[in-house]
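Structure, as structure tokens:
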Amino acid sequence: MLFLMTMTMALISAVPISRDLFDSISTNDDMLARQTHVLSAYWGFILMAVHIGISWGRIIQTVRKMTGITAENRQRLIILRILVVLIVIYGVEASVKGNMGSKLFIYNPFGWGGNGSLLSFIRDQLEIMGIYIGGTHYSLIFMRKQKVAINEKMTD
């Protein structure tokens, strides 16, 4: 619901700031609309990544079925977990470099910034998404294991 709300806010706030599509609709305070638009887009980005993280187990299962990978492979698991750790590390670096924290709280609400190439921009955004996808996925796994451990203690 939060993701839906942020995307709705981004769409609604886009109307008064659009000069190409809605030139006749103008407000006296475009700054408020711009800040609302950018802020909701940043939060929508984070919430989208959390949503993907919640569904990550099902995504992995679907990919495994599509590729025919049925057997567990310890080496593959270790390599993939190392990859997740690297993505999170570089995602934190990209977050800090892009001032993501301040952008989530309107301190610096204007654009993604950066003077790099499109490829580095996409890589940075995927790495930032990786923080929230991996964090959500592994937090849910941890909470499930904790719940199982608590249930086992209660039955003993």
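As a basis for the values below, the full set of heavy atoms in this structure was taken, side chains included, without hydrogen atoms, waters or symmetry mates.
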Using distance only, find each side-chain donor-acceptor pair of residues 131-141 under 3.5 Å and give its atom names and separation, not counting sequence neighbours.
residue : atom : partner : partner atom : Å
T136    : OG1  : Y132    : O            : 2.6
S139    : OG   : G135    : O            : 2.6

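Here the straight-line distance linking atom CD1 of I78 with atom CG of L83 works out to 13.5 Å at 0.5 Å rounding. Between the OG atom of S120 and the NZ atom of K97 there is a distance of 6.5 Å, given to the nearest 0.5 Å. Between M129 atom CE and L126 atom CG the span is 6.5 Å, to the nearest 0.5 Å.
Contact of the M5 side chain with the L47 side chain is not registered, since no non-hydrogen atoms from C-beta on lie closer than 4.5 Å. Side-chain atoms of I12 and T8, non-hydrogen and from C-beta on, do get closer than 4.5 Å to each other. Contact check for Q125 versus F45: side-chain heavy atoms found under the 4.5 Å cut-off. Side-chain contact between L86 and I82 is present, with at least one heavy-atom pair separated by less than 4.5 Å. Contact of the D124 side chain with the E127 side chain is registered, since non-hydrogen atoms from C-beta on lie closer than 4.5 Å.
Checked by atom type and distance alone, the side chain of H37 never pairs as donor or acceptor with a backbone atom of S13 at under 3.5 Å. In this structure, S55 contributes its side chain and R58 its backbone to no donor-acceptor pair below 3.5 Å.
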| task | Using the side chain to side chain contact (heavy atoms under 4.5 Å, CB included) rule, take R64 and T70 through it: C-alpha gap first, then chi angles, then the decisive distance, then the call. | result | CA-CA 7 Å; R64 291 179 89 188; T70 57; over 6 Å; no
| Where do N73 and L77 land on the side chain to side chain contact (heavy atoms under 4.5 Å, CB included) test, with the steps shown first? | CA-CA 6 Å; N73 183 319; L77 182 66; over 6 Å; no
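Both M48 and I46 are assigned to one and the same hydrophobic cluster, defined by single-linkage of ILVMFWY side chains at heavy-atom distances under 4.5 Å. Linking ILVMFWY residues whenever their side-chain heavy atoms come closer than 4.5 Å, directly or via other members, places I52 and V50 in the same cluster. Note on I87: it does not cluster hydrophobically with V92, by side-chain heavy-atom contacts below 4.5 Å among ILVMFWY residues. In this structure, I59 is a member of the same hydrophobic cluster as F3, with clusters built from ILVMFWY side-chain heavy atoms closer than 4.5 Å.
The two residues I128 and S95 have their closest heavy-atom pair at CG1-OG, 3.6 Å.
Within 6.0 Å of CG in L119 there are 12 or fewer heavy atoms belonging to other residues, nucleotides or ligands.
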